Amino acid sequence: MKLQDKVQTIKGVGEKKSALLKNLKVETIDDLLHLYPRKYEDRREVISIMEAPFGKDVLVKGVVTSKQMWSRNNKKVPLKIAIQDNSAKLEVLFFNGKFLSNLFVVGNEYTFYGKINLNNGKRQMSHPEFHRTGDPDDVRGIFPVYPLTEGLTQSYMRKLQMAVLDLADESEEWIDDEIVKKYNLCSPAYALKKIHFPEDERQIKESRYRMVFEELLTLQTGLFYIKEGIREINKGVYVDENISVQDFISRLPYQLTDGQNRVWGEIQRDLAKPTPMNRLVQGDVGSGKTVVAELAMYKTVKAEYQAAMMAPTELLAKQHYASLKRDFEPLGVTVDLLCSSMKAKEKREVLERLANGQTQILVGTHAIIQPDVIFSKLGLVITDEQHRFGVDQRTLLADKGTNPNILVMTATPIPRTLAVILYGDLDISIIDTMPPGRKPIKTHLRNEDARTAIYNFVQAQVKEGRQAYVVAPLIEESETLDVRSAAELYEELTAQYPDVRIGLVHGAMKQEEKDSVMEAFVEGKIDVLVSTVVIEVGIDVSNATVMVIENCERFGLAQLHQLRGRVGRGRHQSHCILVCGHESKIANMRNEIMCKSEDGFVIAEEDLKLRGPGEIFGTRQHGLPELNISDLVKHVDILEDVKAVAAEILRKDPQLKETSNVVLRQRVKKMFGENIQLRL
Ligand code: ADP
Ligand code: MG
C-alpha cells in the first residue's frame, strides 16, 4: 500500500464502504489520514462504578458474576451481564447480543466504556464498548472521534486509521527547515500519527498545531497568489494623478474627516497606478463612505471614463441616485438610474445613453449587471454594502469594462486579519472616524412590560418634531414563534396613537408601495415607520431619532448595530431601544455589548466569537475554500504568523515553480480547485 493508493486497497474496504468514504471526501489513503478527528474521548482513567456519574461516558472495570439471555421467541435476544468491582454492581445490556454471549466468561475481568443510568435502583449500561482487561487493544487510552456519514461507525473508522497508520511515515517534510524551526513544527509523519492516536494532551496540541499551520499556509499562499496574479496580468484604467477634484470638495457643506481624507488618498494612489484598483472600504454606518465613492467617481469621469455603482436594494439605489444627482448635476456630470422596476421605455433610453457614452455615472441594483447593459468606456465599478453581494456579482460588473478599477464598500466591519482572508484579493481601507458633531446614541434595553412607556416616549419625540423607526422581525403573526408582527404592531400603534402619522413597510409589499411609504418618511410626511428589516441597509433620514427594535433577541449583533446606525445622524439626541421578548444567554450578551459599545469593530469581533465566521459571511459566497481543521477566529494568531510566511515564500518564488514548493503548489491547487482560476 502507498499513500496515493485508493482506499479499496485496504483489506475489507469494498465498493460499498469506499462509496461511503467518498461522502467524507476520502478517496485515497492519504485522504483518509487527513480526515482528522473532530474531538477525542479520554478513556484513560478507570473510575469505580460507585463514583461514576450518571449519563456521562465513563470507563469502568469489573468481574463478570453472571450472564443471562432473556428468553424471547424473537431472533434478537438481549444479553444481560452482571459485573462488579469492589465498590458496586453494574448490569450491562446488549440488545441483539446473542453473538456476544461467548465473549464473556464468568470470573474474568473486562473494561467497559459507556454511559451508566439508574433504572429501578439498578446501575445499568447499554451496549458499551468493551474489552477483556489487559488485552492489547484495550478500550483504554485517548480515542479519536471522526466525522461520520450514515453507514460508518466510529470503531470502523478507528480500525481503518489503524490499518493505514504506518503509511504516515511516508509523508515527508515539505515545509522549509527554517520555518519548521522558527515555528517549532513537528514532522508531518509524527503529526499524522499523533493526531489520530495521541497518548496525551501535548501530542494532540503539537499535531493539531502542525495541521492548522499547514492548512492556513496553503490558504494564505493561494489567496496571495491570486491577488498578485490579478495584478500582474492586468493593465488597468489609468486616471491621471493631476486631475483635480477640488471643485467637488469645495462645494461640500462640510469638511472631510481625517478618516475620509486618508482613505481618499489611498484610492487616488490606486487610481494613478497602471494596474487596476481592487479596494475594500470598511466604515461604520454613517462614517461617510458615499462621499468618498463620489470623489472616486468624479475623478474617473474627469478622466473621460464612466463609473457604475451597484446597491443591494432598489431603495438604496434610489437614495444614492438622488444624492449623486444633487451633487453632480451642478458640475455638469450626467447621472442615470437603472432598476428592474423601471418602465421598458425608460430603461431603453438609459441603456442607449449608456452605450453612447452620454451617461457618465450609472447607479442601480442588480439590473446593471444584466447582459443587455453595455457601457461605452467603463473605468470604475463600485459595490455598496458588499456583504450583500457575492464575488461573482462583483466580477460580473467589472467584466463590463476592460479591467476597471474596483471599489467595494461595506459597513460590516471585520477584524483586519480576517478581512485579509475573506476579501483576500482586495486591499483594505478603513474610515475610522465619524463626522463631527454627532451625539452618541443612547442604547436602552427593556423588556416587554415597558412597551407602553416606550411608545409614549416615541409619541413625545414625535411631538417635538422628530421621527422614529420601529422594527419587528416578521410580517405574519406566528403564535409559535411568539414574534410580534409588523402588521400587528402597526394596527396596534395606529389605534393607540391616532395623532401620530404611522406608516408600514414590509418585504411582501410591492416595490412601488414600499417606495411611496419610504419616500413619505424621508419627506417627513410620516412620523413613525413600522417595518421589517427592509430598512436595514443604507437609508438616511437625519431627523429620525428613535429606533425601537422589537424582539431584539432574534437579531444578530451586526444586524442590530446596522439598525441602530439608522439614527444618530442629526443634531438631536438619538435613542435605540431594544425590546427583549425572551431571555437567553446569548441574547443577553449581545445586548450587553450593544449597550456598551458603539464601535462597529468591537461589535463585529464579538459577533464573530458568538457565531463564527461561517454563519456571518457564508464562506461559499466569498469563494473561500472549505477548511478542514482551522478556525479563522480561534486560530487568528497562527494566521498572523502564516501570513508572513506565505508572503516570504511568494516573494522568493512568485510562481511557486521551485522544487522546494512543489507540495505547497499541489496543496494550493487542491484546496482552491476550480473555484478560483490559478495559473499553476
Ligand atoms: P455610510 O458610510 O453609512 O454610507 P453616508 O455616506 O450615507 O454613510 O453618510 C452619512 C451622512 O453623513 C450623510 O448624510 C453624509 O452627508 C454625512 N457626512 C458624510 N461625511 C461627512 C463629514 N465629513 N462631515 C459631516 N457630515 C458628513
Ligand atoms: Mg452607505
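We count ligands from 1, going down the list as the structure has it; atoms in each ligand are counted the same way. These numbers come from a predicted model, not from an experiment.
Judged by the 6.0 Å distance and 45° axis criteria, Lys400 is not positioned over the aromatic ring of Phe375.
Put simply, the residue from Arg466, Arg564, His444 that forms a side chain to side chain contact (heavy atoms under 4.5 Å, CB included) with His575 is His444.
Those atoms of ligand 1 with a heavy atom of Gln260 less than 4.0 angstrom away are 19 (C), 20 (N), 21 (C), 22 (C), 23 (N). Atoms of ligand 1 lying under 4.0 Å from any heavy atom of Thr257, numbered from 1 in the order shown and given with element: 23 (N). Atoms of ligand 1 found under 4.0 Å from any heavy atom of Thr290, numbered from 1 in the order shown, are 4 (O), 5 (P), 6 (O), 7 (O). Contact atoms of ligand 1 toward Gln255: 22 (C), 23 (N), 24 (N) (distance under 4.0 Å to a heavy atom of the residue).
Surrounding CD of Glu513 are more than 12 heavy atoms belonging to other residues, nucleotides or ligands, all under 6.0 Å away. No more than 12 heavy atoms of other residues, nucleotides or ligands shown are found within 6.0 angstrom of CD on Glu304.
Of all heavy-atom pairs between Ile267 and Ala296, the closest is CG2-CB, 4.1 Å.
Below 3.5 Å of separation, one finds no N or O of Gly283 facing any N or O of ligand 1. Looking at Gly286 next to ligand 1, an N or O pair under 3.5 Å apart turns up.
Using modelled atom types and a 3.5 Å distance limit, the side chains of Asp527 and Gln467 yield no donor-acceptor pair.
Residue Leu256 touches ligand 1 through its backbone alone, judged by heavy-atom distances below 4.0 Å.
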